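Hydrogens, waters and symmetry mates play no part in the numbers below; they use all other heavy atoms, side chains included. Just so we're on the same page: letters track the sequence lines, and every chain starts at 1. It should be emphasised that the depicted structure is a prediction, and the values quoted were computed from it without experimental measurement.
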Amino acid sequence: MDIFADFGERVRSTIARLGWTAADGTALDLTRVVVEPPRDAAHGDLAVNAAMVLAKPMGKQPRALAIELMGELAADPDVAETEVAGPGFLNLRLSAGYWARFLALVLREGEAYGRGTPGKGAVNVEYVSANPTGPMHVGHCRGAVVGDALANILAHAGHAVTKEYYINDAGAQVDVLARSAHLRYREALGEAIGEIPEGLYPGDYLKPVGEALAKRFGASLVGKPESEWLEEVRRTAIDGMMAMIREDLAALNVRHDVFFSEKSLQNAPDGDRVAQAIDTLTAAGLMYRGRLEPPKGQLPEDWEDREQVLFRSTQFGDDVDRPLMKSDGSYTYFASDIAYHLDKYRRGFANQIDIWGADHGGYVKRMQAAVKAISGGKASLDVKLCQLVKLFRAGEPVKMSKRSGSFVTLREVVDEVGVDAVRFMMLFRKSDAPLDFDFQKVTEQSKDNPVFYVQYAHARVHSVFAQAREGLPALDLSDEGLGGADLTRLSDAGEIGLMKRIAQWPRVVEGAAESHEPHRIAFFLHDLASDLHAHWNRGKDLPQLRFVNVDDPLSSHARLAMVRAVASVLASGLAVLGVSAPKEMR
RNA sequence: GGCCCCGUAGCUCAGGGGAUAGAGCGACAGCCUUCUAAGCUGUUGGUCGCAGGUUCGAAUCCUGCCGGGGUCGCCA
């Protein structure tokens with residue numbers, strides 16, 4: 001049930017009935033005709049822009065068209081008031097009967113209210129993809145939550161979504177990991193290893209890996225050349241790190257459908273997938289031998305000017321063509337990534353989304369170029385860049401240093417403030433804007449803390465129902481019973497306001513899904529909670545507006561129905577964000 | 001220097017073709033001596049960085065500047 005879509009249809013069929021055509025007699029393009037909530041509540045419940053959009057193609061005055069349209073729509077029994085305003089808006093106010101039917105429908109749909117129709121196509125969302133070289137730190141947090149919530153939103157909107165994690169287990173970093181683990185292995189055997197040398201990972205989290213290696217191999221890997229143990233140790237270390245990362249993700253309430261190994265690309269059953277991807281590009285005439293200009297700005301120390309094989313990414317909007325092979329003959333990371341995205345495309349994902357940290361921004365164009373190139377223009381990639389999170393404690397910045405190993409892990413944050421606070425706060429800002437996160441603020445029980453404010457709104461509804469059961473035991477508070485209340489009694493501006501907010505839920509979901517902007521859900525929930533709290537507070541001075549009035553069971557019944565719908569939308573929204581909807585606050 | 005993101009009220013930020021640009025915090029002024037659980041109501045406050053352009057209409061789209069951040073072959 002989407003009242004804006006409903007009236008959008010009514011407007012379009014009215015235009016057809018009126019026989020409106022373009023000035024030259026051809027059919028009108030109605031794609032820009034929309035029915036929206038007006039910015040100002042004084043303008044009514046729905047705003048129709050048809051007259052303004054169609055005035056030019058029809059060669060008529062917008063206000064005259066609006067008046068003509070108004071004449072028809074005023075006859076609609078669901079429309080209570082009409083007016084033409086401003087440059088040619090047609091404003092509609094809906095009848096009490098329409099609102100009553102709407103609310104009953106929302107109650108009947110329950111958690112399904114706001115879901116898009118299924119069958120919108122497959123989308124692959126790749127996020128986190130942290131290197132398997134250590135525990136997740138707080139910097140990974142935002143991308144993890146944004147990606148997870150976005151995937152949920154897309155699923156809610158009707159897409160078939162796959163959540164994916166790309167394991168970077170093929171580069172030089174995992175060799176460093178293996179050497180670090182080998183050192184811990186010797187340590188586990190009783191050797192004094194002293195300080196961890198520069199260039200290796202110093203963290204204690206590798207000790208269990210060392211112990212596991214000691215248990216499995218005894219002393220058999222000691223004193224052997226690296227070539228004899230590297231692969232085995234590397235595999236064990238990566239498995240250990242990924243197990244740790246999965247636990248971290250689980251603590252954040254993040255679960256991926258697919259963990260895709262970079263290494264598996266080169267060792268695929270059907271051969272080297274990276275080579276195949278490059279062959280695909282070569283066959284398309286997109287590879288050539290050439291030279292690159294040295295990069296502007298700081299010149300790399302070991303820059304060598306050489307002729308190499310380049311991918312013509314500029315043909316797809318990139319700034320310069322890109323090498324896919326290093327000078328030692330191995331593939332660049334980009335080459336693997338192309339093969340990976342090609343794999344995603346072959347698995348049926350023409351619609352791909354990657355969530356990256358903002359420091360990878362320079363990589364976006366080439367990856368999008370590659371996706372276009374390997375799919376013959378049939379696939380597209382959207383990259384959401386997440387800006388930094390700055391940590392504070394009671395207003396004071398939290399110092400972090402990677403060198404000293406004093407960086408804050410994801411687990412520490414979740415353990416201290418809880419998943420709900422972490423997830424909601426990470427989503428309570430546009431992802432491309434920096435975000436301040438204050439450990440103290442996000443656990444405060446006050447209206448200044450958005451997490452609390454929204455969850456409390458949900459809990460408050462349950463508190464209202466507890467009181468209703470006590471004060472008005474005769475009322476049927478089941479969903480059917482509430483749907484059968486006399487909902488036309490809802491006429492106060494605050495009540496209508498709440499229903500109008502509820503009515504926006506489907507379009508908010510759709511908008512967030514289409515724009516790939518999960519924060520819209522969080523802000524909507526905050527607005528809805530705010531409406532509820534505000535209306536509640538009005539009952540303080542005006543007892544006749546209270547949700548539960550023992551003197552007025554009929555109005556109470558209707559209000560309880562409305563409040564149930566509010567809670568239902570809050571619960572749906574929070575569920576999509578992966579945040580719990582508590583029945584009471586403690 | 002190239003590219004990307006950002007610039008909206010004193011502060012933190014929404015709004016991203018539509019009407020008189022919003023919210024929270026702050027500030028100011030009341031209420032709150034009790035009910036519906038962690039306050040409430042009101043007031044204040046903006047040249048939407050600047051200048052052009054597109055449009056019936058621009059905070060929103062385009063171009064160019066200014067300012068802040070990020071990034072710039074073989075790190076992933």
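Sequence order on RNA chain B of the closest nucleotides to A/A170 and A/F452 puts A/F452 first from the 5' end. RNA chain B is contacted by both A/M325 and A/D40; A/D40 maps to the nucleotide lying nearer its 5′ end (nearest heavy atom per residue).
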Distances under 3.5 Å between protein N/O atoms and the N/O atoms of nucleotides 24-34 of chain B, please, pair by pair.
none

Could you list the protein-to-nucleotides 68-71 of chain B atom pairs, N/O on both sides, closer than 3.5 Å?
| from | atom 1 | to | atom 2 | distance (Å) |
| --- | --- | --- | --- | --- |
| B/rG70 | O2' | A/A358 | O | 3.4 |

ask   = Taking protein heavy atoms under 4.0 Å as touching, what does nucleotides 13-19 of chain B look like 5' to 3' if B marks base contact, S marks sugar-phosphate-only contact and - marks none?
value = SSSB-BB
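Pairs of residues two or more places apart, or lying in two chains, never qualify as side-chain hydrogen bond (donor to acceptor under 3.5 Å, both in side chains) while including a residue from residues 426-439 of chain A.
Taking the centre of each ring, A/H526 and A/F428 come in below the 6.0 Å mark.
A parallel orientation is assigned to the rings of A/Y340 and A/Y166, their planes being inclined by less than 30° (bins at 30° and 60°).
For the P atom pair drawn from B/rG15 and B/rC6, the interatomic distance equals 11 Å after rounding to whole Å. Comparing B/rC66 with B/rC28, their P atoms are spaced 41 Å from each other, to the whole Å.
Residue-level contact check: A/S446 touches the backbone only, with heavy atoms under 4.0 Å from sugar-phosphate atoms and none from bases. Within the nucleic acid shown, A/S463 comes within 4.0 Å of at least one base atom, counting heavy atoms only. Across all strands, A/Q445 comes closer than 4.0 Å to base atoms (heavy-atom distances).
Remark: A/K540 pairs with no residue by the side chain to side chain contact (heavy atoms under 4.5 Å, CB included) rule, at least two apart or across chains. Taking A/E584 as the reference, A/R586 meet the side-chain hydrogen bond (donor to acceptor under 3.5 Å, both in side chains) condition, with sequence neighbours excluded. A/F437 pairs by the ring-ring contact (aromatic ring centres under 6.0 Å, His included) definition with A/F439, not counting sequence neighbours. Here A/K365 pairs with A/D319 under the side-chain hydrogen bond (donor to acceptor under 3.5 Å, both in side chains) rule; sequence neighbours left out. Scored by the salt bridge (charged side-chain N to carboxylate O under 4.0 Å, His left out) test, A/K263 finds no partners at all (sequence neighbours excluded).
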Side chains of residues 53-69 of chain A: which donor-acceptor pairs under 3.5 Å do they make with residues two or more places apart or in other chains?
| from | atom 1 | to | atom 2 | distance (Å) |
| --- | --- | --- | --- | --- |
| A/R63 | NH1 | A/G86 | O | 2.7 |
| A/E68 | OE1 | A/W20 | NE1 | 3.4 |
| A/E68 | OE2 | A/W20 | NE1 | 3.2 |

Give every donor-acceptor pair under 3.5 Å between a side-chain atom in residues 449-458 of chain A and any protein atom, sequence neighbours left out.
| from | atom 1 | to | atom 2 | distance (Å) |
| --- | --- | --- | --- | --- |
| A/N449 | OD1 | A/V451 | N | 3.2 |
| A/N449 | ND2 | A/K441 | O | 3.4 |
| A/N449 | ND2 | A/V442 | O | 2.9 |
| A/N449 | ND2 | A/E444 | O | 2.8 |
| A/Q455 | NE2 | A/D420 | OD2 | 3.0 |
| A/Q455 | NE2 | A/S580 | O | 2.9 |
| A/Q455 | NE2 | A/S580 | OG | 3.4 |
| A/Y456 | OH | A/R460 | NE | 3.4 |
| A/Y456 | OH | A/R460 | NH2 | 2.9 |
| A/H458 | ND1 | A/A581 | O | 3.4 |
| A/H458 | ND1 | A/P582 | O | 2.8 |

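Stem analysis of RNA chain B (at least three stacked-register Watson-Crick or G-U pairs, each with both distances under 3.5 Å) gives B:1-7 with B:66-72, B:10-13 with B:22-25, B:26-31 with B:39-44, B:49-53 with B:61-65.
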